Structure formats: C-alpha cells, structure tokens
Amino acid sequence: MLDIKYLRSHLKDVEGKLKKRDATLDLSLVTELDTKRRELLQDGEALKEKRNTVSVEIGNLKKEGSDATELIVEMQGVSRRIKEIDLELAECEERLKDFLLTIPNVQHESVPQGADEDDNRIERIVGEPTELAFTAKEHGDIGEALGILDFERAAKLSGARFSLLRGAGARLERALINFMLDLHTGEHGYTELLTPYMVNRECYFGTGQLPKFEDDLYKLEGLDQYLVPTAEVPVTNVHSGEVLRESELPLYYTAHTPCFRKEAGSYGKDVKGLIRQHQFNKVELVKLVSPEKSYEELDLLTANAEEVLKRLGLPYRVVTLCTGDLGFSSAKTYDIEVWLPGQGKYREISSCSNFEDFQARRAQIRFKPEGGGKPRYVHTLNGSALAVGRTLVAVLENYQQEDGSVVVPEALRPYMGGLERIEF
RNA sequence: GGAGAGGUGGCCGAGAGGCUGAAGGCAACUGCCUGCUAAGCAGUUAUAGGGGAAACUCUAUCGAGGGUUCGAAUCCCUCCCUCUCCGCCA
C-alpha cells in the first residue's frame with residue numbers, strides 16, 4: 001500500500017510512474033475520498049470536543065445537585081450527529097482504503113519499461129547452456145522412464161497438475177530441500193522457520209495477495225484461512241503489527257513450505273510435467289531490513305539464491321523484470337532462470353524482490369530508529385532459493401545421460417546416502 | 001468437543017460509569033546531587049489521525065467490533081486469542 005500522505009503531494013508523479021505498469025490506472029478517486037475524509041474528520045472531531053467538555057460540566061452540575069437536563073438534551077442531539085458523521089466517515093475511509101489496497105507498488109527507477117517478459121533486461125549469464133551429445137529429453141520422460149515420477153497415478157489421486165514422486169525421486173526432492181536449508185542457515189546467516197501452512201486472511205492483505213488475487217488462492221471451506229501459496233506470506237507476517245528495535249535489523253529468515261496455487265488463468269500453459277503444479281515445494285528467503293540498505297540486501301539475497309545453482313552446477317541467467325512483468329507488490333524483481341536442455345530454454349526458478357515499505361505498511365512492520373524518533377516502516381524482501389520442483393527438473397534435464405540414467409550432482413550426494421547415479 | 005479463568009502502557013499491576021491516557025512498581029532516559037559501577041531528589045518516557053509556519057492544540061486508542069448513556073477501561077451483545085481441567089487424538 002502506498003503512503004496516503006506521500007500520495008497527496010505527489011499524486012501526478014505517482015500516477016505517471018504507475019501508468020507504465022498499468023495504463024488504465026486512474027488515481028483521481030484518491031483525492032476525492034481523501035478530501036471528503038478530512039472534512040468529515042474535522043466536523044466530527046469538533047463535535048466530540050464539545051461533547052467531552054460539556055459532559056464534564058454535566059458531571060459537575062450533578063455533583064452539586066443542580067439540574068443538567070437542558071445540557072443533556074442538547075448533547076443527545078450532538079451525540080446523534082456524531083454518530084451520523086462517524087458512520088459516513090467510516091464508509092469513506094473504507095472506500096479509500098479499499099482503493100489504496102488495489103494500487104500496485106511504484107517501481108524503482110532502475111526498472112526497465114516494457115510490456116511483458118520479452119522486455120525484461122538480462123543482467124548476467126552464468127555458465128554455458130549444457131551441451132549434450134545426444135537429443136535431450138524432457139524431465140517428465142526421464143523421470144517416468146526411471147520410475148521416479150508418476151503423473152498418471154497422481155492424477156488418479158488428485159487430478160491434473162499434481163505429481164507423485166517415488167524412490168530416488170522422492171529422496172531427491174527431500175535432498176534438495178535439506179541442501180538449500182543447510183546452505184542458507186549454515187553459510188548465509190538465515191534463521192530457519194517452520195510455519196503454519198494455513199494462515200488467516202489478514203496475512204494475505206499484509207503481503208498483497210488480497211484483495212486483488214483471491215482467485216489464485218485455496219480458501220478453506222467455512223474457515224478464515226487459506227493454504228499458503230508461498231512461505232513469503234507467513235514469514236513476512238511473523239512481525240506484523242510489531243515495532244522492532246533497529247539493532248534487531250536486518251532479520252534474515254528462511255523456510256521450506258509446500259506452496260498451493262490454483263494457477264487460475266494459466267490453462268494450457270506448462271500442462272506437462274513438474275513446471276506448473278497446484279502443490280510444490282519451495283525454500284524461501286525473507287528479509288526485514290532498514291530502508292537505506294534494501295537494494296544492497298536485494299543483491300545479496302539474489303546472490304544467495306544463485307549460490308544454490310552454482311553449487312549444483314546448473315547454468316542460469318538473471319533478468320530484471322520490466323514494468324509490465326513486475327508483480328503487484330514489488331518495486332524491483334530479479335528473476336533467476338535456469339537452463340533446461342529438454343525445453344531448450346531458460347525457465348524461471350527464482351524470483352527475488354524488494355517490496356520497499358509496501359508490505360510493511362500493509363502489515364504494520366516498523367522499527368524504532370536508534371537515535372530516537374518516530375517508528376519507521378522496515379523494507380521487506382523475499383526470494384525463492386529455490387523452487388524445489390523446478391530445481392529437480394533442472395537436475396534431471398542437465399544431468400541426464402544417454403542411457404537414461406541421471407547423475408546426482410556432487411553437492412547432493414551426502415543427502416542421497418552417497419548415491420551417485422539414478423538408474424532404472 | 002465440554003467446563004471454567006483471563007486479555008489494561010516496554011514489562012508487572014490497580015481501577016468496577018464522570019476529575020483515568022490511565023494509580024503504584026519496575027525498566028530506560030535527562031537534570032541535580034554525592035570524590036569512584038551504589039543511593040537520593042526532580043523530571044521525562046505510547047501509537048495513530050486532524051488543524052497550525054511554529055509554539056501548540058484537538059480526536060481516537062485499556063484484545064477486536066457493535067450497543068446502552070449527556071459521558072464507558074468500567075454495563076450489555078458478538079467475535080478473537082491465551083491459560084486451567086475433562087474428553088478425544090498423531
């Protein structure tokens with residue numbers, strides 16, 4: 001959510017920037033509602049002041065045994081009027097807030113302008129796309145042939161976009177999760193969290209999934225909770241409503257959770273394989289940092305995610321999302337895309353974003369500055385490090401052998417009981 | 001699932017319709033004082049939203065939301081959370 005005070009004085013400027021993300025955007029409602037709100041507030045508060053003073057007078061009169069009927073009757077009218085104004089004010093504030101909640105974050109100045117992913121800016125390419133001496137197969141074919149992936153039975157259990165892993169496949173997924181968590185906690189300074197996988201509505205407003213993107217979420221019938229679509233939601237909200245000490249910052253958290261997404265609007269996309277599932281595992285990095293350092297921290301966080309790919313020996317590139325591809329809450333996002341020989345292209349495996357104070361304002365996450373003064377909003381960041389299912393895909397496709405077996409990357413072998421190769 | 005208890009400031013804890021943004025204690029900060037890290041005295045220490053150039057001022061906030069009343073931390077209703085006991089359960 002954007003700061004209403006900032007909006008008041010920079011409306012045109014903000015509107016101009018946001019039009020690069022969404023050309024249809026119109027912020028005039030903000031001014032209208034904000035002006036009305038302040039009028040109502042002033043009227044209401046003047047009446048309340050009167051009521052407070054007169055009520056004291058009434059108390060005094062009664063104490064000395066005098067008659068206060070006249071004042072009481074007058075105040076009955078005042079109270080009625082206050083109630084009316086408060087009602088109107090509440091309605092006005094709700095409309096304003098509802099509207100503010102639907103306005104995306106303002107992008108950082110370094111974000112390239114563009115319409116869609118084709119306009120994303122390539123920052124760096126690390127490693128060469130894997131060269132195979134034979135025709136590369138897609139991970140689904142590799143996995144099914146090895147008996148470690150079973151989409152048919154998964155469909156029997158749950159339907160489309162689910163998977164069943166078996167034997168070395170299931171273990172490989174678990175190995176990846178443990179490898180990633182160990183790396184981030186052991187070498188990158190993150191604290192591991194294990195969070196609820198169902199969290200209440202409020203959390204989703206905090207991180208920006210609600211109110212706009214309800215269609216992507218699984219809501220639990222009859223309950224206030226939704227299944228988490230990413231650990232970003234529970235982890236970022238851990239400190240919601242809190243005022244932290246500046247000395248506690250930066251906070252680095254990592255968490256593995258399953259992620260549940262309806263994938264509404266992606267019909268026909270990635271229908272085969274593990275790339276796009278209703279349920280997948282992800283290891284997430286989340287940071288709460290002081291505002292001055294958030295872009296520095298974004299680079300570090302991205303490097304932490306890249307380190308996973310480096311250790312696994314997987315080629316990848318990093319792109320900066322353009323205005324048209326940028327997520328609702330983000331001010332700047334780097335996507336990490338891993339090379340998939342089976343598809344012959346780079347595919348997103350991580351998304352690392354700086355939300356600046358957009359989520360912190362929604363979730364009310366603040367810190368008390370060391371030198372004193374008013375609490376300030378922290379900056380929040382997060383990134384996948386990595387999407388586990390897609391990493392498994394990348395391992396299968398990049399380490400496939402002509403005989404159909406798959407070599408286990410060295411970094412994972414300790415997590416696979418020393419297994420060096422997955423064979424039928 | 002059943003029965004009970006409770007949610008007050010950074011923390012502890014009073015308050016039971018009006019003078020309570022909230023006693024008292026602790027903690028922290030500031031000043032004074034005492035020749036030393038101790039004690040004493042005085043003061044300060046919440047958040048948000050308005051108005052004002054500013055000094056300052058107004059409004060709201062005692063788990064959340066509603067109600068009663070001229071006036072609610074205090075009375076009534078609904079909800080949330082925590083704790084204890086019983087039941088059930090990995």
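Note that the structure is a prediction, hence the values are computed from the model and not measured. We name chains A, B, ... by the order of the sequence lines, and we start the count at 1 in each one.
The pair Glu74(A)-Lys50(A) counts as a salt bridge, with a side-chain nitrogen and a carboxylate oxygen less than 4.0 angstrom apart.
When the C1' atom of A60(B) is taken as reference, atom CG of Leu40(A) falls 16 Å away, rounded to whole Å. Atom-to-atom, CD of Glu248(A) to P of G10(B) comes out at 14 Å; the value is rounded to the nearest Å. Separating the CG atom of Asp86(A) from the C1' atom of G67(B) is a distance of 14 Å, rounded to the nearest angstrom. To the nearest angstrom, C1' of G10(B) lies 10 Å from CZ of Arg245(A). Atom CD1 in Ile82(A) sits roughly 11 Å away from atom C1' in G71(B) (whole-Å rounding).
Residues Thr323(A) and Gln113(A) bring no donor and acceptor atom of their side chains to less than 3.5 Å of each other. Using a 3.5 Å distance cut-off with no hydrogens or angles, the side chains of Thr207(A) and Glu232(A) do not pair a donor with an acceptor.
Considering only residues two or more places apart in sequence or on other chains, Lys269(A) meets the side chain to side chain donor-acceptor pair (under 3.5 Å) condition with none of them. Residues satisfying the ring-ring contact (aromatic ring centres under 6.0 Å, His included) test with Tyr6(A), not counting sequence neighbours, are His10(A). Qualifying side chain to side chain donor-acceptor pair (under 3.5 Å) partners for Ser329(A), counting only residues two or more places apart in sequence or in other chains: none. Residues satisfying the side chain to side chain donor-acceptor pair (under 3.5 Å) criterion with Ser353(A), sequence neighbours excluded, are Thr333(A). A search for ring-ring contact (aromatic ring centres under 6.0 Å, His included) contacts involving Tyr226(A) returns Tyr204(A), not counting sequence neighbours. Partners of Ala231(A) under the side-chain contact (heavy atoms from CB on, under 4.5 Å) rule, at least two apart in sequence or in another chain, are Val235(A), Ala255(A), Thr257(A), Glu284(A). Residues satisfying the side chain to side chain donor-acceptor pair (under 3.5 Å) criterion with Glu152(A), sequence neighbours excluded, are absent altogether.
Using Watson-Crick or G-U wobble geometry with both donor-acceptor distances under 3.5 Å, C88(B) finds no partner in any strand shown. C29(B) is paired with G43(B) under the Watson-Crick or G-U wobble criterion, all donor-acceptor distances under 3.5 Å. Pairing partner, A55(B): none, since no Watson-Crick or wobble contact has both distances short of 3.5 Å. Across all strands shown, A14(B) remains unpaired; no Watson-Crick or G-U wobble contact has both distances below 3.5 Å. Base-pair partner of G71(B): not found among the strands shown (Watson-Crick or G-U wobble, both distances under 3.5 Å). Under the Watson-Crick or G-U wobble criterion, with both distances below 3.5 Å, C36(B) is left unpaired in every strand shown. When Watson-Crick and G-U wobble pairs are counted only if both distances are under 3.5 Å, C79(B) pairs with G63(B).
Other residues, nucleotides and ligands contribute at most 12 non-hydrogen atoms within 6.0 Å of the CD atom of Glu94(A).
Taking the ring centroids of Tyr197(A) and Tyr218(A), they lie at or beyond the 6.0 Å cut-off.
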Between protein and nucleotides 17-22 of chain B, what N or O pairs are separated by less than 3.5 Å?
from, atom 1, to, atom 2, distance (Å)
G18(B), N2, Ser55(A), O, 2.8
C19(B), N3, Lys63(A), NZ, 2.5
C19(B), N4, Lys63(A), NZ, 2.3

Give me the distances for all protein-to-nucleotides 79-82 of chain B N/O pairs that come in under 3.5 Å?
none

Protein-nucleic acid N or O pairs under 3.5 Å, nucleotides 48-57 of chain B:
from, atom 1, to, atom 2, distance (Å)
A48(B), OP1, Arg366(A), NH1, 3.0
G49(B), O3', Arg37(A), NH2, 3.2
G49(B), O2', Arg37(A), NH2, 2.8
G49(B), N2, Glu45(A), OE1, 3.1
G49(B), N2, Glu45(A), OE2, 3.2
G50(B), OP1, Arg8(A), NH1, 3.4
G50(B), OP1, Arg8(A), NH2, 2.5
G50(B), OP1, Arg37(A), NH1, 3.4
G51(B), OP1, Arg38(A), NH1, 3.1

Cut-off 3.5 Å, no hydrogens considered: what does the side-chain donor-acceptor table look like for residues 408-415 of chain A, sequence neighbours left out?
from, atom 1, to, atom 2, distance (Å)
Arg413(A), NE, Val408(A), O, 2.8
Arg413(A), NH2, Val408(A), O, 2.9
Tyr415(A), OH, Asp182(A), OD2, 2.7

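With C1' as the reference atom, G21(B) and C58(B) are 14 Å apart, rounded to whole Å. With C1' as the reference atom, C32(B) and C19(B) are 33 Å apart, rounded to whole Å. Nucleotides C41(B) and A46(B) have their P atoms positioned 23 Å apart, rounded to a whole Å.
The side chain of Asn52(A) places no N or O atom within less than 4.0 Å of a non-bridging phosphate oxygen (OP1 or OP2) of C70(B).
Within the 4.0 angstrom heavy-atom criterion, only backbone atoms of the sugar-phosphate kind lie near Lys83(A); the bases stay farther away.
A heavy atom lying under 4.0 Å from RNA chain B marks the following residues of residues 68-79 of chain A, by number: Ile72(A), Met75(A), Gln76(A), Ser79(A).
Of the candidates Leu172(A), Ile177(A), Leu274(A), Val388(A) forms a side-chain contact (heavy atoms from CB on, under 4.5 Å) with just one, namely Ile177(A).
Taking the six-membered ring for Trp and thresholds of 30 and 60 degrees, Tyr252(A) and Tyr190(A) have ring planes inclined between 30 and 60 degrees apart.
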